[in-house]
> 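One structure coming up, written as structure tokens, with questions to follow.
Please read all numbers here as calculations on a predicted model, not as lab measurements. The basis for the numbers below is simple: all heavy atoms, side chains too, and nothing from hydrogens, waters or symmetry mates.
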Amino acid sequence: TANSLIHLEELNRPESPKALNDLFPILDDGRAIVHEQLGEGSNPMSEQQTPVVVPPVWDNIPVDLAARQQWVGWRFEWCTKRETWLKVPYYALGGRRTGDQGSDRDRMRLATLEVVKRVYLRGGWDGVGFAFLPGDGLIGIDIDSAIELETGVVSDRCANIISACASYTEVSPSGTGVHIICQGETHTNKLNDIGLEVFCGKQYFTFTGNRYPDTPLDVRPLDEAVAR
């Protein structure tokens, strides 16, 4: 009804794991979803200016990924301790994504891209993201500080990794890094000295749909030799 507020605490009943995706089609675009601020490490009164990112290029996001119930929204929150902006993930119905990633509760609160997009377009988020889960058969490769923002020049290491992976690749929200998603299994690994992280079974990627030039439109298997 008009001017009414529905407070949705949580959908976590095992017998209805896709309740979230069933709910949103009945909400017309005139209704808004209010997200509670649950970021414990954030400082909303900070004088820091929130970074601005462009909206995702929805049509570039691989169809196979879009259909998976593995999507979240995210927003910038200032971390006073680290003196930096964090990209904090949130479930579509509100609530920060914390706790045991890949648990039944976590999986039931994730949503398809269609649902997450509807929430994003209502405002309150800075972007959308894809959550890696145990057993999903996907590998995420995150390369930071690899593109010169002013010139667009890409580091040789980054270019070689993109070529070797030969799978869907996009430019990160900052415009200085890339995200690659491949089919396969490996171990999560982080190499700070070269700005490289490999995700498998946990963590999430912010998603821009800003596809890196001349890379595949879909997610493809990663050669085992490359994964090693």
> Do Y91 and D106 touch side chain to side chain, with heavy atoms closer than 4.5 Å?
yes
> Can you give me the closest heavy-atom contact between A92 and V116, atom names plus distance?
CB-CG2, 4.5 Å
> Should I147 and V153 be regarded as members of a common hydrophobic cluster, given that ILVMFWY residues are connected when their side-chain heavy atoms come within less than 4.5 Å of each other, either directly or indirectly?
no
> Would you indicate whether the side-chain heavy atoms of T215 and Y168 approach each other to under 4.5 Å?
no
> Is there a donor-acceptor contact under 3.5 Å from the side chain of T112 to the main chain of A67?
no
> Say you draw a straight line from OG of S155 to CD1 of I194; how long is it, rounded to the nearest 0.5 Å?
9.5 Å
> What is the distance from atom OG of S172 to atom CG of N210, rounded to the nearest 0.5 Å?
9.0 Å
> How about P134 and R107: do any of their side-chain heavy atoms sit closer than 4.5 Å?
yes
> Do the side chains of F199 and L138 get nearer than 4.5 Å, heavy atoms only?
no
> Counting neighbours of CG on D104 that are heavy atoms of other residues, nucleotides or ligands and sit closer than 6.0 Å, is the number greater than 12?
no
> If Ile, Leu, Val, Met, Phe, Trp and Tyr residues are connected whenever their side-chain heavy atoms lie under 4.5 Å apart, and connections chain through other members, are L121 and F130 in the same group?
yes
> Which distance, rounded to the nearest 0.5 Å, do you find between the SG of C158 and the CD1 of I141?
10.5 Å
> Determine whether R68 and L110 satisfy the following criterion, side chain to side chain contact (heavy atoms under 4.5 Å, CB included), listing intermediate values before the conclusion.
CA-CA 9 Å; R68 293 179 181 239; L110 298 171; over 6 Å; no
> Working to the nearest 0.5 Å, report the span between CG of D144 and CG of N192.
9.0 Å
> Students often mix this up, so state it plainly: with edges at 30° and 60°, are the rings of F76 and W85 parallel, tilted or perpendicular?
perpendicular
> Please report the closest heavy-atom contact between C200 and E185, naming both atoms and the distance.
SG-OE1, 3.5 Å
> For I180 versus C165, what's the shortest heavy-atom pair and its separation?
CG2-CB, 3.9 Å
> Which pair of heavy atoms, one from L149 and one from S174, lies closest together, and at what distance?
CD1-O, 3.7 Å
> Hydrophobic clusters here meaning ILVMFWY residues chained together by side-chain heavy-atom distances under 4.5 Å, can you tell me if V52 and W125 are in one?
no
> Cluster question for you: counting only ILVMFWY and a side-chain heavy-atom cut-off of under 4.5 Å, with indirect links fine, are L191 and I161 together?
yes
> Ignoring hydrogens, what is the shortest heavy-atom contact between V53 and P173? Give both atom names and the distance.
CG1-CB, 3.9 Å
> Within the 3.5 Å criterion, strictly below it, is a donor on E170 or N60 matched to an acceptor on the partner's side chain?
no
> Could you report the tightest heavy-atom contact between P89 and V72, atom names first, then the distance?
CB-CG2, 4.0 Å
> Yes or no on side chain to side chain contact (heavy atoms under 4.5 Å, CB included) for D64 and D218, after CA distance, side-chain angles and deciding distance?
CA-CA 8 Å; D64 173 61; D218 56 349; over 6 Å; no
> Assess the pair F132 and F205: is the distance between their ring centroids shorter than 6.0 Å?
yes
> Any donor and acceptor pair, going by atom type alone, linking the side chain of E197 with main-chain N or O of K190 inside 3.5 Å?
no
> Would you call T208 and H179 a side-chain contact if the rule is heavy atoms closer than 4.5 Å?
no
> When rounded to the nearest 0.5 angstrom, what is the spacing between CD in Q203 and CZ in R97?
8.0 Å
> Is there a chain of hydrophobic side chains (I, L, V, M, F, W, Y, each step under 4.5 Å between heavy atoms) that links L217 to I61?
no
> Under the criterion side chain to side chain contact (heavy atoms under 4.5 Å, CB included), I'd like the reasoning laid out for S167 against I181: C-alpha separation, chi angles, the key distance, then a yes or no.
CA-CA 7 Å; S167 188; I181 297 186; 5.6 Å; no
> Got a second to check how far Q183's CD is from D136's CG, nearest 0.5 Å?
10.5 Å
> Check W58, Y90, F207 against Y120 for a ring-ring contact (aromatic ring centres under 6.0 Å, His included) and give me the one that passes.
W58
> I would like to know whether K117 and W71 meet side chain to side chain contact (heavy atoms under 4.5 Å, CB included); could you show each step before the answer?
CA-CA 9 Å; K117 178 181 176 181; W71 291 84; over 6 Å; no
> Below 4.5 Å, heavy atoms only, C-beta onward: do D126 and K87 meet side chain to side chain?
no
> For I143, which of T169, T176, L196 qualifies under side-chain contact (heavy atoms from CB on, under 4.5 Å)?
L196
